[in-house]
Novice: 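First, the structure itself, so that you have it in front of you.
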Amino acid sequence: MKRRWVLSFLAVVFISLLTGCEKKDPYGLSEKNPVTITIWHYYNGVQKEEFDRLVQEFNENEGRGKGIIVKAFNKGSIDELSTLVNESIEKKIGSEPLPDVFSAYVDKVYEVDQMGLAADLSSYLTSEEISEYVDAYIEEGKFDSTGAIKVFPIAKSTEILTVNKTDWDKFAEATGVTEEALSTWEGITRVAESYYKWTDSLTEAPDDGKAFFGRDAFANYMIIGSLQLGHEIFKTEDGKVVLDFDKQIMRKLWENYYVPYVNGYFGSYGKFRSDDVKTGQLAAFVGATSGIAYFPASVTLEDGTNYAIESKLYPLPNFQGTVPCAVQQGAGMMVFKSEEKREYAATLFLKWFTSVEQNMEFAIGSGYLPVKKAAGNQEMLKPFLEGTGENSGASQNLLIGLDTANEYRLYTSKPFRGGDRARSVLNLTMVLKAKEDYEEICALMAQGVKRENAVANFVTEENFNNWYKDTMEQLEAIVGE
């Protein structure tokens, strides 16, 4: 009887010791009572496949041990996702409950934060953990001087120059142009003129040369170009913005986009410039590193001729004599305010997702760039690049993107009220004017006017001044609200 009592007592003590040795989670997470975290995102195609695969890996391993289950849902495009979030915030009929986390650009997060709904993630991160991320990526998620982190960086992109090497090689051999010219905007403009004249010479028809270059996300050219040349268009502090739309700088940007465009040296035809390369209407373009998967493997001309092409990638061009500068872009993740347990669980997943191994897998599979400084280590990259091929588009894209993150000044405008509309103005006014004026020039040429004379009617000081005044007034109206 005594022996049985002693054994029972020892068993209780043993179980108590085991329980006491269990490391209790500071926020009450438990494998026996898991918390489910919902994420809304806009990834599609290979990006969605990679994200879903990593979510499943987390749930089956790290998440299971910590008591976290992540459920991720694609909600269409970034704009569609933003609309759904708005409807859920407003609790419109038929809207879904807000997720714990959603993909968002800083302007959207700033808007949500103004409603008091964005969680501050800094308390769930140590200073050592924060220092592991690229500084510019962390700074983007801070809206004021308090140190609060409202946007968690999970994958980024910048811009890259992609060239149809197959057609470039023919052009370079015939004209003696070298790829060194592709390092500056001034060089791109000169190359584009040479390319137009060379392609024009290949046929007997006059003035049927081809455009060489185009670019996506035109506002980036305006914002980054102006910054490089000494003027930050939207300088913000605590949500207040000062407009610096310098006329002299805008003239230089005009000379290296509008002027070559109306001459036929630059172009834009389809929805994206990669579409224009596919149809043979362009030979090069600047676009996001995250869009490398869309660069075509062949060209199909208007007459049905099809031929395979090879691509070559180059760092983003800069204005001559300036410090290299590039946009940092790519949505981060915002966590909605809720109980600390849920915010903490969401942050644990985001930290796991951005650990170098997981983040590199996502980057290789999706075209995005990893967000930690350690990812730029060449030795660390080798195992991840082995399966892609050293000269593949994915490898070139990742290596050039990481070099840009390490060697360029990365920049994104701080969010402010009306920031989306102000960016839209920069994205459209010069582009639309160039396109409209080029069409008028083509109409004049069809009437027998020589190309040089038709163009001369538009590349005037008066035309530039009118564009500048109109754009300035639109920006001032937004900033002055």
Novice: Testing the basics here: between Ser226 and Leu253, what is the closest heavy-atom pair and its distance to 0.1 Å?
Specialist: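 Heavy atoms of Ser226 and Leu253 come nearest at N-CD1, 4.3 Å.
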
Novice: Testing Val109, Ile37, Ile149, Val101 for side chain to side chain contact (heavy atoms under 4.5 Å, CB included) with Val335, which one passes?
Specialist: Val101

Novice: What do you reckon, are the aromatic ring centroids of Tyr221 and Trp185 less than 6.0 Å apart?
Specialist: yes

Novice: With a sphere of 6.0 Å drawn around CZ of Phe272, does it hold more than 12 non-hydrogen atoms of other residues, nucleotides or ligands?
Specialist: no

Novice: Please determine whether a side-chain nitrogen of the Lys or Arg among Lys108 and Asp420 lies less than 4.0 Å from a carboxylate oxygen of the Asp or Glu.
Specialist: no

Novice: Using side-chain heavy atoms (C-beta onward) and a distance below 4.5 Å, is Phe266 in contact with Ile188?
Specialist: yes

Novice: Taking the six-membered ring for Trp and the single ring otherwise, decide whether the centroids of Phe353 and Phe58 are under 6.0 Å apart.
Specialist: no

Novice: Determine the sole option in Gln47, His41, Glu57 for which the side chain to side chain contact (heavy atoms under 4.5 Å, CB included) test with Asp52 is passed.
Specialist: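 Among Gln47, His41, Glu57, the one meeting side chain to side chain contact (heavy atoms under 4.5 Å, CB included) with Asp52 is His41.
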
Novice: Do Glu62 and Leu348 come close enough that some side-chain heavy atom pair is under 4.5 Å?
Specialist: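 They are not in contact (no side-chain heavy atoms under 4.5 Å apart), so the answer is no.
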
Novice: State, with a plain yes or no, whether a side-chain heavy atom of Asn220 is found less than 4.5 Å away from one of Val286.
Specialist: no

Novice: Considering non-hydrogen atoms only, spot the tightest contact between Val70 and Val55 and give its length.
Specialist: O-CG1, 3.6 Å

Novice: Going by the rule ring-ring contact (aromatic ring centres under 6.0 Å, His included), which residues pair with Tyr27 if we only count those two or more places apart in sequence or in a different chain?
Specialist: Tyr124, Tyr344

Novice: Under 3.5 Å, is there a donor-acceptor pair between the Tyr307 and Asp167 side chains?
Specialist: yes

Novice: Under 4.5 Å between any side-chain heavy atoms of Val299 and Leu301, yes or no?
Specialist: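 Contact flag for Val299/Leu301 side chains = yes.
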
Novice: Scan side-chain atoms only and decide if Thr354 and Tyr133 contain a donor-acceptor pair under the 3.5 Å cut-off.
Specialist: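 Yes, a side-chain donor-acceptor pair sits under 3.5 Å.
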
Novice: Give every donor-acceptor pair under 3.5 Å between a side-chain atom in residues 242-249 and any protein atom, sequence neighbours left out.
Specialist:
from   : atom 1 : to     : atom 2 : distance (Å)
Asp244 : OD1    : His231 : ND1    : 3.2
Asp244 : OD2    : His231 : ND1    : 2.9
Asp246 : OD2    : Gln248 : N      : 3.1
Asp246 : OD2    : Ile249 : N      : 3.0
Lys247 : NZ     : Asn465 : OD1    : 3.0

Novice: Over all heavy atoms of both residues, which pair between Leu410 and Thr404 is shortest? Give the atoms and the distance, please.
Specialist: CD2-O, 4.0 Å

Novice: Would you say NZ of Lys235 has more than 12 non-hydrogen atoms from neighbouring residues, nucleotides or ligands within 6.0 angstrom?
Specialist: no

Novice: Less than 3.5 Å apart, any donor N or O on the side chain of Ser268 or Tyr261 sitting next to an acceptor on the other?
Specialist: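 Judged by distance alone, the side chains do pair up.
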
Novice: What's the shortest heavy-atom distance between Arg423 and Ile223, and which atoms?
Specialist: NH1-CD1, 3.7 Å

Novice: Salt bridge check: are Arg64 and Glu60 linked by an N-O gap of less than 4.0 Å?
Specialist: no

Novice: Within the side chain of Lys373, is there an N or O that forms a donor-acceptor pair under 3.5 Å with the backbone of Ser131?
Specialist: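 A pair under 3.5 Å: yes.
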
Novice: Between Tyr408 (side chain) and Leu316 (backbone), is there a donor-acceptor pair under 3.5 Å?
Specialist: yes

Novice: With a 4.5 Å heavy-atom cut-off, do Val191 and Trp168 have their side chains touching?
Specialist: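 When only atoms from C-beta onward are counted, Trp168 and Val191 do touch, with a gap below 4.5 Å.
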
Novice: Is the distance from the ring center of Tyr110 to that of Phe416 below 6.0 Å?
Specialist: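 Ring centroids of Tyr110 and Phe416 are no less than 6.0 Å from each other.
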
Novice: Does Ile78 offer a backbone N or O that forms a donor-acceptor pair with the side chain of Ser82 under 3.5 Å?
Specialist: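 No, the answer is negative, given that no donor and acceptor are paired below the 3.5 Å cut-off.
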
Novice: Look at the side chain of Gln358 and the backbone N and O of Ser355, then say whether any donor-acceptor pair between them is shorter than 3.5 Å.
Specialist: no

Novice: Quick check: closest heavy atoms across Leu227 and Cys325, and the distance to 0.1 Å?
Specialist: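 Between these two residues, the closest heavy atoms are CD2-SG, 3.4 Å.
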
Novice: Tell me whether Glu50 is salt-bridged to Arg53, with the criterion being a basic N under 4.0 Å from an acidic carboxylate O.
Specialist: yes

Novice: Under a 3.5 Å distance rule, please check whether Gln228 uses its side chain to pair with a backbone N or O of Val323 as donor and acceptor.
Specialist: yes

Novice: Would a 4.5 Å heavy-atom cut-off, applied to side chains only, mark Glu186 and Asn256 as touching?
Specialist: yes

Novice: Would you please name every residue forming a side-chain hydrogen bond (donor to acceptor under 3.5 Å, both in side chains) with Ser122, sequence neighbours left out?
Specialist: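 Only Asp120 meet the side-chain hydrogen bond (donor to acceptor under 3.5 Å, both in side chains) criterion with Ser122.
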
Novice: If you apply the rule side-chain contact (heavy atoms from CB on, under 4.5 Å), what do you find for Met222 with Val425, and how did you get there?
Specialist: CA-CA 11 Å; Met222 299 288 284; Val425 169; over 6 Å; no

Novice: Can you see whether Glu180 engages Thr178 through a side-chain donor-acceptor pair at a distance of less than 3.5 angstrom?
Specialist: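 Judged by distance alone, the side chains do pair up.
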
Novice: Within the supplied structure, the quantity of interest is the number of heavy atoms (other residues, nucleotides, ligands) at a distance under 6.0 Å from Lys71 NZ; does it exceed 12?
Specialist: no

Novice: For the residue pair Thr146 and Asp144, confirm or rule out a side-chain donor-acceptor distance under 3.5 Å.
Specialist: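 Yes, side-chain donor-acceptor contact under 3.5 Å.
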
Novice: Just checking, Lys433 and Trp467: is the charged tip under 6.0 Å from the six-membered ring centre and within 45° of the axis?
Specialist: no

Novice: Can any side-chain N or O of Lys156 pair as donor or acceptor with the backbone N or O of Leu369 at less than 3.5 Å?
Specialist: no

Novice: Is any side-chain heavy atom of Phe73 closer than 4.5 Å to a side-chain heavy atom of Leu81?
Specialist: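 When only atoms from C-beta onward are counted, Leu81 and Phe73 do not touch, as no gap falls below 4.5 Å.
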
Novice: Within a 6.0 Å radius of atom CD on Glu173, are there more than 12 heavy atoms belonging to other residues, nucleotides or ligands?
Specialist: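 Atom CD in Glu173 is not packed in, count stays at 12 or less.
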
Novice: Are the side chains of Phe171 and Ser194 in contact, using a 4.5 Å heavy-atom criterion?
Specialist: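 Side-chain contact under 4.5 Å: yes.
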
Novice: Going through the distances and angles, do Ser274 and Phe285 end up as a side-chain contact (heavy atoms from CB on, under 4.5 Å)?
Specialist: CA-CA 7 Å; Ser274 56; Phe285 76 99; 3.9 Å; yes

Novice: Any idea which heavy atoms bring Tyr368 and Ser157 closest together, and the distance?
Specialist: CD2-CB, 4.2 Å

Novice: Determine whether a donor-acceptor pair (N or O, by modelled atom type, separation under 3.5 Å) exists between the side chain of Arg342 and the backbone of Thr36.
Specialist: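 Yes: the side chain of Arg342 pairs with the backbone of Thr36.
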
Novice: Are any of the side-chain nitrogens in Arg273 or Asp276 under 4.0 Å away from the carboxylate oxygens of its partner?
Specialist: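 Salt bridge: yes.
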
Novice: With no hydrogens and no angle check, is any side-chain donor or acceptor of Lys414 less than 3.5 Å from a backbone partner on Lys142?
Specialist: yes

Novice: Side chains of Thr429 and Thr471: any donor to acceptor distance under 3.5 Å?
Specialist: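 Per modelled atom types, Thr471 and Thr429 side chains form a pair under 3.5 Å.
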
Novice: Among Phe218, Phe213, Phe319, which residue satisfies the ring pair (Phe, Tyr, Trp, His ring centres under 6.0 Å) criterion with Tyr257?
Specialist: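 Of the listed residues Phe218, Phe213, Phe319, the ring pair (Phe, Tyr, Trp, His ring centres under 6.0 Å) partner of Tyr257 is Phe218.
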
